[in-house]
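Each chain gets a letter, A, B and so on, in the order the sequences are listed, and its residues count up from 1. FYI, side chains are in, hydrogens and waters are out, and symmetry mates aren't considered; it's all heavy atoms of this structure.
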Amino acid sequence: MDELLVLENGRIIDPSSGVDSVGSLWIKNGKIVDAEDFVPSDARRIDVHGCWVVPGLIDMHVHLRDPGQEYKENVETGTNAAAAGGITAVACMPNTTPVNDCAEVTRYVLERAQGCRARVYPVGAVSRKSAGKEIADYAEMKDAGIVGVTDDGLPVIDSQLMRRAMEYAKSHGLFVMSHSEEYALSRGGCMNEGEVATRLGLKGIPNAAESIMVFRDIALAELTGCHVHFSHISTKESLDLIRQAKGRGAKVSAETSPHYFTLTDKAVEGYNTSAKMNPPLRSEEDRQAVIEALADGTLDAIATDHAPHTELEKDVEFDLAANGIIGLETSLSLSLELVREKKIDPARLVELMSVRPAQILGVRGGSLAPGDVADVTVIDPDAEFTYNVNMVVSKSKNSPFLDRALKGRAKLTIVDGRVVYQL
Amino acid sequence: MNENYQFKHRHIFGIEQMSSEDIQFILQTAASFKEISNRPIKKVPTLRGKTIINLFYEPSTRTRLSFEIAGKRLSADTFNISASTSSAQKGETLIDTVRNMQAMNPDIIVMRHSSSGAPNLIANKINASIINAGDGAHEHPSQGLLDMMTVLEKKQRLDGLKIAIIGDITHSRVARSDILGFTRMGSEVYLAGPATFIPPGIEKMGAKVCNSVAEAVTDADVVMALRIQKERQNDPLIPSLREYAIRYGINNRLLGLAKDDVVVMHPGPINRGVELNPDVADGKRSVILDQVTNGVAVRMALLYLVMGGEKGSEG
Ligand SMILES: [Zn+2]
């Protein structure tokens with residue numbers, strides 16, 4: 001029997017077909033369909049007036065910690081957090097234990113993802129064990145289900161290895177995600193270099209530690225013709241380089257994370273380890289540059305770099321604390337702040353959080369055209385709430401946004417036509 | 001000072017949290033305690049029955065001894081623990097260690113740690129008062145206070161002075177406490193050193209960065225030299241101690257540019273012949289040993305004041 005779901009009276013925003021109008025979205029057997037004349041009496045109808053109906057949000061940079069660090073997060077809890085944040089699909093990073101550098105680990109992750117509340121797209125390692133010595137078996141991982149490769153968490157220090165990785169990835173229809181960090185400059189650093197680090201007596205990481213590597217990987221992208229995607233971009237200089245490269249027609253794309261357009265290094269005051277991540281929170285000038293790049297197309301995507309850690313890693317001396325924060329549940333709300341401030345319009349938000357990530361990853365979604373998969377996020381842009389520790393769905397609570405008043409959140413998260421989260 | 005003034009700090013993290021009135025009050029209290037150290041019986045019952053743990057995660061002879069003497073002269077029971085960060089590698093975190101200590105009910109924990117912010121981390125986990133005896137490159141408030149006490153004794157004022165600090169500002173918690181303290185009291189702090197030693201944004205803390213040592217020292221009332229290391233954790237900072245000594249070492253010729261009554265300070269221990277020429281370190285302008293003497297008085301004042309400025313049990 002057909003399963004029919006109708007979302008009625010919502011503002012449907014679907015940039016890939018140029019739609020932005022109030023109406024109903026019809027979902028039948030997991031697919032978007034054209035409106036039908038006859039509505040069967042058992043059809044489920046949900047009134048979503050006042051809400052936005054958009055293609056399901058896709059977060060292309062998530063650490064699910066599974067296998068190996070399940071005390072921080074696992075595939076199930078991480079995808080639960082995603083669903084609560086309106087995210088219907090995540091790309092998960094390979095820096096697990098063991099590293100996702102072979103088909104067995106890829107398959108393990110995908111098996112764990114069966115029946116979960118969000119789609120999971122594993123990203124494989126650039127190098128075996130992410131040790132930066134030899135490239136991993138991309139073809140076999142691709143067959144198992146990876147969508148790209150990265151040694152995220154660590155930079156690929158050896159330029160020749162990175163060149164070969166790009167060439168080999170290209171041969172197998174994969175793209176390379178660059179965690180851009182010149183380690184000689186960042187080593188020992190634990191926050192942004194600048195007046196705050198100086199006052200707190202913490203070793204800083206200069207912007208150049210990121211942009212030097214962005215420059216190298218743009219050069220290698222142009223040398224090899226491989227699509228290179230820049231992860232978690234935080235600096236003005238990196239954005240200038242990416243903007244220029246795109247202007248030349250280089251095959252590059254880039255993402256930033258909500259914390260880089262929401263916070264600055266001032267959030268570290270008081271040695272707040274929930275504001276410690278890599279790359280670090282930067283200056284106000286960088287924050288503004290990130291916002292500008294989201295608007296002008298230099299940045300393609302908003303991705304969280306969701307990095308769960310427990311008190312064991314975070315309730316310690318600042319310089320010893322682990323890098324990273326959770327983000328799946330706050331990404332949409334923080335991004336909506338940019339819409340309210342008129343930095344980007346709702347359609348651009350959908351491009352950044354759904355359309356472009358789907359294109360870059362080469363996966364379904366990012367569109368509400370009839371025939372497309374019914375991954376849909378319904379956003380209540382006016383829902384006000386204060387994010388607090390008791391409502392955190394993720395296994396870990398390391399967020400600098402706890403107790404922040406937020407506006408706008410997912411009201412319904414639909415994956416494959418199935419409601420996986422309802423506010 | 002405002003007659004309603006009250007010292008309100010239960011913990012001492014740094015000079016940053018102190019108002020000029022706080023500093024003035026601590027220095028007055030220290031001056032009144034200094035006299036005790038000159039008595040034949042160098043002990044008062046002020047903190048009798050109080051327990052002080054000196055928890056040092058970094059090797060230190062001078063500061064630890066100074067705090068220990070300060071505690072003992074106030075009749076507190078003092079205990080020294082030389083912890084190493086290697087106990088952390090055995091799985092015990094700083095918070096574990098400190099919670100264990102809390103179970104023994106100390107009144108004050110004096111802590112030195114290589115991580116900036118470590119005292120802030122433990123303060124809200126325990127009941128004891130925390131006194132920061134130096135955390136990473138952040139602050140060393142008792143050193144900043146003893147430096148101010150020494151300058152006040154020699155100059156009878158803390159405002160309108162030119163203080164020159166020469167050396168590795170980047171890695172110096174003493175420099176940060178001094179910059180904050182002297183500027184808060186109305187003096188100007190000038191810094192000099194190779195750019196490898198000048199951290200970005202230090203001007204925002206109120207200091208002025210000079211292009212040369214001569215510029216910093218010219219007309220200075222106080223010249224302070226900092227201890228120099230050639231490199232830190234494989235980070236090359238200067239080519240050689242010899243080149244540093246020639247270009248940045250404080251000698252009598254340089255001091256000729258300063259005010260006639262300039263005093264020379266150093267937080268110790270000194271690399272003689274590197275940041276200070278021996279004839280300067282031991283010369284008539286040096287007040288380095290006064291700093292050490294005042295260190296005990298300042299630490300007595302801090303221990304006394306964080307306990308609420310009350311007398312302990314009289315038995
Ligand atoms: Zn990364």
Chain A: which of B:Leu121, B:Leu180, B:Ile169 shares the most heavy-atom pairs with it under 4.5 Å? B:Leu121

Taking the side chain as every heavy atom from C-beta outward, state whether B:Asn120 and A:Glu317 have any pair of such atoms under 4.5 Å apart. no

Would you confirm whether B:Ser115, through its side chain, and A:Asp319, through its main-chain N or O, come within 3.5 Å as a donor-acceptor pair? no

Please check if the number of heavy atoms outside A:Gln288 that lie under 6.0 Å from its CD is greater than 12. yes

Electrostatic pair B:Lys125-A:Asp315, nearest N-O below 4.0 angstrom: yes

With a 4.5 angstrom heavy-atom cut-off, could you sort out which part of B:Arg173 is near chain A: side chain, backbone, both or neither? neither

Flag, side chain of A:Arg199 to backbone of B:His138, donor-acceptor distance under 3.5 Å: no

Please flag which part of B:Glu16 lies under 4.5 Å from any non-hydrogen atom of chain A: side chain, backbone, both or neither. side chain

Verify the neighbour count for atom NZ of A:Lys236: are there more than 12 heavy atoms of other residues, nucleotides or ligands below 6.0 Å? no

From A:Phe318 CZ over to B:Asp135 CG, what is the distance, rounded to the nearest 0.5 angstrom? 13.5 Å

Checking heavy atoms, do the side chain of B:Ile95, its backbone, both or neither come under 4.5 Å from chain A? side chain

Heavy-atom count around A:Tyr183 OH within 6.0 Å, excluding the residue itself: above 12? no

Side chains of A:Leu202 and B:Ser116, heavy atoms from C-beta outward: is any pair under 4.5 Å? yes

Greater than 12 external heavy atoms within 6.0 Å of A:Glu311's CD: no

